[in-house]
J.: 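A single structure is presented below for examination.
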Amino acid sequence: MGAGRSALPPLRAGRTAHPDQHTRHLDGAFAHGRSPLTDRTQPISTDHRVHRDFLRHLDRYLSDSKKILNAWDAYSEEHTGLDGWPYDDHAYGLRASQRDADTLTAFEPLRYGAPHLLATAETQLAHLPERTVQGRWVYQLGVLRDALDRLDELHQRWLLTRDALPVTAVPGTAQYDDALAEHHAESWSYLDDWASHGHTIREINTAYRSAPSPLAPTPVAAPAADRRTAPRA
């Protein structure tokens with residue numbers, strides 16, 4: 001983040017509360033345009049191996065993002081005063097920008113499979129017995145889908161911003177790096193949504209695989225022998 005920018009608000013222990021779910025901006029996971037956005041209209045693979053691979057990417061992201069957040073919390077705790085404001089605004093902003101970039105890097109392997117995971121979870125949820133469904137799952141899937149939608153929008157915005165930069169603004173120059181840092185700052189909270197609620201996809205998958213098949217007969221206990229009519233030994 002550029003030196004001329006104002007200090008970030010205090011971000012202390014724990015995830016930062018988002019003031020408005022629908023106006024937050026998302027971590028520019030496509031900052032360098034390395035890989036295209038997933039086409040949401042593409043057919044969802046029915047290959048169980050593909051689904052397992054995507055779930056492994058999800059697990060890795062949940063683990064890595066937690067480490068990134070814990071490291072950020074430790075830094076923030078050490079470099080802010082009792083009032084929550086940083087001792088060095090510039091250094092604090094640079095460290096926050098690094099957090100954003102690290103979270104983006106961790107999300108990259110998951111990004112392509114995220115639409116598949118969401119579509120699969122929604123289908124699984126629709127087929128689960130009502131008694132096995134957690135009330136929060138629908139809301140959490142909605143948060144995850146909204147985050148992906150915002151990712152798409154911010155990606156397009158970043159491409160327009162990047163293309164509008166002067167030819168001399170290349171990676172490593174202040175003009176390019178400041179624009180990229182701004183994009184990361186706008187984008188991070190949506191990646192944090194996946195870090196906070198991504199476990200829902202795992203929970204639904206586990207519940208679906210544990211649920212009895214609707215075609216399987218309900219087990220019936222064998223009736224106990226009536227002692228009054230049972231033959232004596």
Side-chain angles (χ1 to χ4, degrees), residues 1-21 23-35 53-114 117 140 143-144 146-148 150-151 154-155 158 171-174 176-203:
M1 300 183 181
R5 297 183 60 202
S6 60
L8 295 174
L11 296 175
R12 295 181 66 95
R15 299 185 187 279
T16 306
H18 307 308
D20 187 338
Q21 175 73 21
T23 59
R24 294 172 306 167
H25 299 301
L26 158 43
D27 193 326
F30 319 98
H32 300 285
R34 290 193 295 273
S35 50
D53 285 343
F54 289 155
L55 285 174
R56 281 194 288 270
H57 292 160
L58 173 64
D59 292 341
R60 182 64 180 269
Y61 175 69
L62 295 178
S63 174
D64 288 349
S65 62
K66 187 176 188 306
K67 293 175 183 176
I68 293 168
L69 182 64
N70 288 343
W72 163 254
D73 287 342
Y75 173 89
S76 183
E77 186 69 25
E78 183 178 352
H79 292 84
T80 55
L82 295 177
D83 57 0
W85 288 97
Y87 300 132
D88 184 329
D89 291 345
H90 180 64
Y92 193 83
L94 290 176
R95 181 60 181 82
S97 184
Q98 184 63 49
R99 174 205 63 187
D100 301 343
D102 289 346
T103 306
L104 160 64
T105 300
F107 190 75
E108 282 289 346
L110 169 63
R111 177 160 53 85
Y112 179 81
L117 289 174
Q140 289 174 306
V143 171
L144 295 175
D146 180 71
L148 282 183
R150 302 290 81 75
L151 262 172
L154 286 174
H155 171 58
W158 163 247
T173 63
Y176 183 96
D177 290 350
D178 283 353
L180 179 58
E182 180 70 21
H183 178 57
H184 284 167
E186 291 179 338
S187 303
W188 176 80
S189 64
Y190 289 100
L191 293 183
D192 191 52
D193 282 341
W194 272 84
S196 301
H197 301 290
H199 61 87
T200 302
I201 290 175
R202 262 294 185 188
E203 293 175 352

J.: Could you go step by step and tell me if H57 and R60 meet the side-chain contact (heavy atoms from CB on, under 4.5 Å) rule?
T.: CA-CA 5 Å; H57 292 160; R60 182 64 180 269; 5.7 Å; no
J.: Would you check if the side chain of Y61 reaches a backbone N or O of L191 as a donor-acceptor pair within less than 3.5 Å?
T.: yes
J.: Return the minimal non-hydrogen interatomic distance between Y176 and P171, and the atom names on each side.
T.: CD2-CA, 3.5 Å
J.: Got a second to check how far W85's CH2 is from T80's OG1, nearest 0.5 Å?
T.: 11.0 Å
J.: If you look at every heavy atom in I68 and A106, which pair is closest and at what distance?
T.: CD1-CB, 4.2 Å
J.: Give the C-alpha distance, both sets of side-chain angles, the deciding distance and a yes or no for side-chain contact (heavy atoms from CB on, under 4.5 Å) between L117 and L110.
T.: CA-CA 10 Å; L117 289 174; L110 169 63; 3.7 Å; yes
J.: Are any side-chain N or O atoms of S76 and backbone N or O atoms of W72, one a donor and one an acceptor, separated by less than 3.5 Å?
T.: no
J.: What residues, two or more places apart in sequence or in another chain, satisfy salt bridge (charged side-chain N to carboxylate O under 4.0 Å, His left out) together with D102?
T.: none
J.: For L144 and H197, which heavy atoms make the closest approach, and how far apart are they?
T.: CD1-O, 3.7 Å
J.: Rounded to the nearest 0.5 Å, how far does CG of L58 lie from CH2 of W194?
T.: 6.5 Å
J.: Tell me every residue that passes side chain to side chain contact (heavy atoms under 4.5 Å, CB included) with R56, counting only those two or more places apart in sequence or in another chain.
T.: R52, D53
J.: Quick one: OG on S97 to NE2 on H183, what's the gap to the nearest 0.5 Å?
T.: 11.5 Å
J.: Using a 3.5 Å distance criterion without hydrogens, assess whether the side chain of T103 forms a donor-acceptor pair with backbone atoms of R99.
T.: yes
J.: Please round to the nearest 0.5 Å and tell me the distance separating atom CZ of R95 and atom CD of E78.
T.: 11.0 Å
J.: Taking side chain to side chain contact (heavy atoms under 4.5 Å, CB included) as the test, write out the residues that go with H199, two or more places apart.
T.: L62, R136, Q140, E203
J.: Take W158 and L180 through the side-chain contact (heavy atoms from CB on, under 4.5 Å) test and state the conclusion after the steps.
T.: CA-CA 8 Å; W158 163 247; L180 179 58; 4.0 Å; yes
J.: Taking only residues two or more places apart in sequence, or in another chain, which ones meet N70 in a side chain to side chain contact (heavy atoms under 4.5 Å, CB included)?
T.: K66
J.: Applying side-chain contact (heavy atoms from CB on, under 4.5 Å), run through I201 and L55 and close with a yes or a no.
T.: CA-CA 8 Å; I201 290 175; L55 285 174; 4.0 Å; yes
J.: Once you round to the nearest 0.5 Å, how far does CG of D192 lie from CG of L69?
T.: 6.5 Å
J.: State, with a plain yes or no, whether a side-chain heavy atom of Y190 is found less than 4.5 Å away from one of D146.
T.: yes
J.: List for me each residue that meets side chain to side chain contact (heavy atoms under 4.5 Å, CB included) alongside A91, sequence neighbours excluded, and say none if there are none.
T.: Y75, D88
